[in-house]
Trainee: 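Here it is, the structure in full.
All values below come from the heavy atoms of this structure, side chains included, with hydrogens, waters and symmetry mates left out.
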Amino acid sequence: MQNIRTLYTDNAHFKNALTAMIEKDSKTPIEIPPEQHRGLTEAKDPILCDCVKPGQFTYAQAVTVAEQHLVECVCLSRHKVECSHSRGLSYAICYALALWNGADKATALVHADKHKCPELPDVEICKLSAKKKGMISSPDDIVRMAGPKAAKILFNILRAGPRVILRSAFELLRANFITRILSAVVLLAIDTVNLTRKRISKKQFAINTGLALSMTVGGTAGWLLGQQTAGLVLIENALIAIIAGIAGAGVLGAGLGMLWEKLAARFVKDDTQDMMEILNQEFCNLSQEYLLTTKEVEDLTEAITIKPKNLKTIFAQCDRAHYARCTIEPYVAGIVHLRPKVLVE
């Protein structure tokens, strides 16, 4: 088998190093990064000759493999990736990748000989998910959502009996209406602060404003509709009316909120979608640069948790893509270090 020399270096040192290697030996093949080979071909550079061959992996991919110290014959020396194996860098990495993807040594040798690389994950596979809001799972959640004032009123109703049911009903109605207005004001105040700090966009502020108003109107209308439906005019049915009012407020408020979100989504993408697209694109770039296996990508999608505050932080950055990359890369590097070390045969 013919030996192959490897020249994987950065653009600043590439041409001088290639010229020196060709002058020293113009017959032995020289493997260079595919993007640099493509650049020489497009420029019709006279330095390009028959002995110069494109490798299977980019310079960035070769650097990440060398930095992992998991392929014994591949190492990084300043700006240069060196491969001590006589069959070249692509052979060595293809062999290692086959093993990391679960192949046995015999199959790995075949893949290495053919420079066959497993299909790398694309954007459709590299999809992270934002953490969703928690669902109601206990009575404590209802108390937390309804607020201590409403919970206290309901407790007094159950303890005091029918005598104060009607009075409590009107108190809860007033509390419900005021609480919803105050909640909308607080949410809008928070959104205003986030807009001022450039943590959300103007379109996101408009979406949030519409959502707060629609849920306030829907919740109040639902409360009134629930009470009227239950027949609040009868004292003996007042407790049922309160329950019906709460149910109506929840259903109609949530319904109008969902309707607004769907309507807004038809015309504009919110900040969450925009930031998740950036995160997923950077995740895809890292997965290809680190030559991740499908199993590693699946494990990372389970391990990486994206919270709303993370997306706001990304939005506030000047270079969002770079910040998103820095957010994800420690997870990627961590799972790559779990790979077994490979001795290329």
Trainee: Is the count of non-hydrogen atoms from other residues, nucleotides or ligands lying under 6.0 Å from Asp122 atom CG greater than 12?
Mentor: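 Yes, enclosed.
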Trainee: Go through Arg320 and Asp274 one step at a time and tell me if the salt bridge (Lys or Arg N to Asp or Glu O under 4.0 Å) criterion holds.
Mentor: CA-CA 11 Å; Arg320 295 168 184 166; Asp274 289 336; over 6 Å; no
Trainee: Is any side-chain heavy atom of Ile4 closer than 4.5 Å to a side-chain heavy atom of Thr28?
Mentor: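 When only atoms from C-beta onward are counted, Thr28 and Ile4 do not touch, as no gap falls below 4.5 Å.
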Trainee: Compare all side-chain heavy atoms of Met21 with those of Leu7 and state whether any distance is below 4.5 angstrom.
Mentor: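 A side-chain contact under 4.5 Å exists here.
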Trainee: Looking at side-chain heavy atoms only, is the closest gap between Glu282 and Leu279 below 4.5 Å?
Mentor: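 No, side chains not in contact.
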Trainee: Is it the case that the side chain of Glu302 and the backbone of Asp299 share a donor-acceptor pair, with hydrogens and angles ignored and the cut-off at 3.5 Å?
Mentor: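 No, Glu302 side chain to Asp299 backbone: no donor-acceptor pair under 3.5 Å.
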Trainee: Quick one: does Trp100's side chain have a donor or acceptor within less than 3.5 Å of a partner on Pro340's backbone?
Mentor: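 Yes; judged by distance alone, with no hydrogens or angles, the pair exists.
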Trainee: If we ignore hydrogens and angles and just use 3.5 Å, is the side chain of Thr9 paired with the main-chain N or O of Lys80 as donor and acceptor?
Mentor: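 No, because the side chain of Thr9 does not come within donor-acceptor range (under 3.5 Å) of the backbone of Lys80.
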Trainee: Check Thr6 against Gly88 and note the closest heavy-atom contact, atom names and distance.
Mentor: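 Shortest heavy-atom contact: OG1-CA, 3.7 Å.
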Trainee: Rounded to the nearest 0.5 Å, what separation is found between the OG1 atom of Thr41 and the CD atom of Gln36?
Mentor: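 Separation between the atoms: 11.5 Å.
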Trainee: Between Asn16 and Thr19, is there a side-chain donor-acceptor contact under 3.5 Å, judged purely by atom types and distance?
Mentor: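 Thr19 vs Asn16: no donor-acceptor pair found between side chains.
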Trainee: Any side-chain heavy atom of Leu70 sitting closer than 4.5 Å to one from Val342?
Mentor: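 They are not in side-chain contact.
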Trainee: Looking at every non-hydrogen atom in both residues, tell me the closest pair between Leu99 and Ala108 and how far apart they are.
Mentor: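 Nearest pair, atom of Leu99 first, then Ala108: CD2-CB, 3.8 Å.
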Trainee: Indicate yes or no: at least one non-hydrogen side-chain atom of Lys127 is less than 4.5 angstrom from one of Phe283.
Mentor: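 Result no, sub-4.5 Å side-chain heavy-atom pair not found.
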Trainee: What's the separation between atom CG in Leu300 and atom CG in Leu292, rounded to the nearest 0.5 Å?
Mentor: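 Answer rounded to 0.5 Å: 6.0 Å.
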Trainee: When you measure from the side chain of Asn101 to the backbone of Leu97, do you find a donor-acceptor pair of N or O atoms at a distance under 3.5 Å?
Mentor: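 Answer holds: yes.
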Trainee: If you measure from SG on Cys94 to NZ on Lys114, what distance do you get to the nearest 0.5 Å?
Mentor: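 Cys94 atom SG to Lys114 atom NZ measures 12.5 Å (nearest 0.5 Å).
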Trainee: Return yes if some donor-acceptor pair links the side-chain N/O of Gln288 with the main-chain N/O of Cys284 below 3.5 Å, else return no.
Mentor: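 It does not hold such a pair.
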Trainee: If you compare all heavy atoms of Ile335 against all heavy atoms of Glu296, which two are closest, and at what distance to 0.1 Å?
Mentor: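 Shortest heavy-atom separation between Ile335 and Glu296 comes out as CD1-O, 3.6 Å.
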Trainee: Checking Glu31 against Arg5 for the salt bridge (Lys or Arg N to Asp or Glu O under 4.0 Å) test, could you report, in this order, the C-alpha distance in whole Å, the side-chain angles of both residues, the deciding distance, and whether it holds?
Mentor: CA-CA 6 Å; Glu31 179 187 347; Arg5 292 177 291 172; over 6 Å; no
Trainee: Is there a side-chain contact (heavy atoms from CB on, under 4.5 Å) between Asp113 and Arg87? Walk through the geometry before answering.
Mentor: CA-CA 9 Å; Asp113 189 56; Arg87 299 297 304 279; 3.1 Å; yes
Trainee: Would you check, one step at a time, whether the test side-chain contact (heavy atoms from CB on, under 4.5 Å) holds for Tyr59 with Ile32?
Mentor: CA-CA 8 Å; Tyr59 175 69; Ile32 66 174; over 6 Å; no
Trainee: When hydrophobic residues are tied together by side-chain contacts of less than 4.5 Å, even through go-betweens, does Val110 share a cluster with Leu343?
Mentor: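 Different clusters.
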Trainee: Spell out, yes or no, whether Ile30 and Phe57 are grouped together once hydrophobic residues are joined by side-chain heavy atoms under 4.5 Å, including indirect joins.
Mentor: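 Hydrophobic grouping puts Ile30 apart from Phe57.
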Trainee: Mind checking the CG-CD spacing from Leu40 to Glu35? Nearest 0.5 Å is all I need.
Mentor: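 Output value for this atom pair is 10.5 Å.
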Trainee: Report yes or no: do Tyr290 and Glu329 form a side-chain donor-acceptor pair below 3.5 Å?
Mentor: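 Side chains of Tyr290 and Glu329: pair found under 3.5 Å.
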Trainee: When rounded to the nearest 0.5 angstrom, what is the spacing between SG in Cys117 and CD in Gln61?
Mentor: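 If I round to the nearest 0.5 Å, the distance is 7.5 Å.
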Trainee: Would you mind reporting whether His37 and Leu48 have side-chain heavy atoms less than 4.5 Å apart?
Mentor: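 Leu48 reaches His37 side chain to side chain.
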Trainee: Run the side-chain contact (heavy atoms from CB on, under 4.5 Å) check on Val63 and Tyr8 step by step: do they pass?
Mentor: CA-CA 9 Å; Val63 168; Tyr8 268 69; over 6 Å; no
Trainee: Can we call the ring centroids of His115 and Tyr91 under 6.0 Å apart?
Mentor: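 No: the rings miss the under 6.0 Å criterion.
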Trainee: When you compare the side chain of Thr272 with that of Pro308, does any pair of heavy atoms fall below 4.5 Å?
Mentor: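 The answer is no; the side chains never approach within 4.5 Å.
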Trainee: Could you tell me if the side chain of Arg325 sits less than 4.5 Å from the side chain of Glu289, heavy atoms only?
Mentor: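 In contact.
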Trainee: To the closest 0.5 Å, what do you measure between CD (Gln56) and CD1 (Ile93)?
Mentor: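 Here the rounded value is 9.5 Å.
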Trainee: I'd like to know whether Ile328 forms a side-chain contact (heavy atoms from CB on, under 4.5 Å) with Leu128, so could you lay out the CA-CA distance, the side-chain angles of the two residues, the decisive distance to 0.1 Å, and finally the verdict.
Mentor: CA-CA 10 Å; Ile328 302 172; Leu128 302 171; 3.9 Å; yes
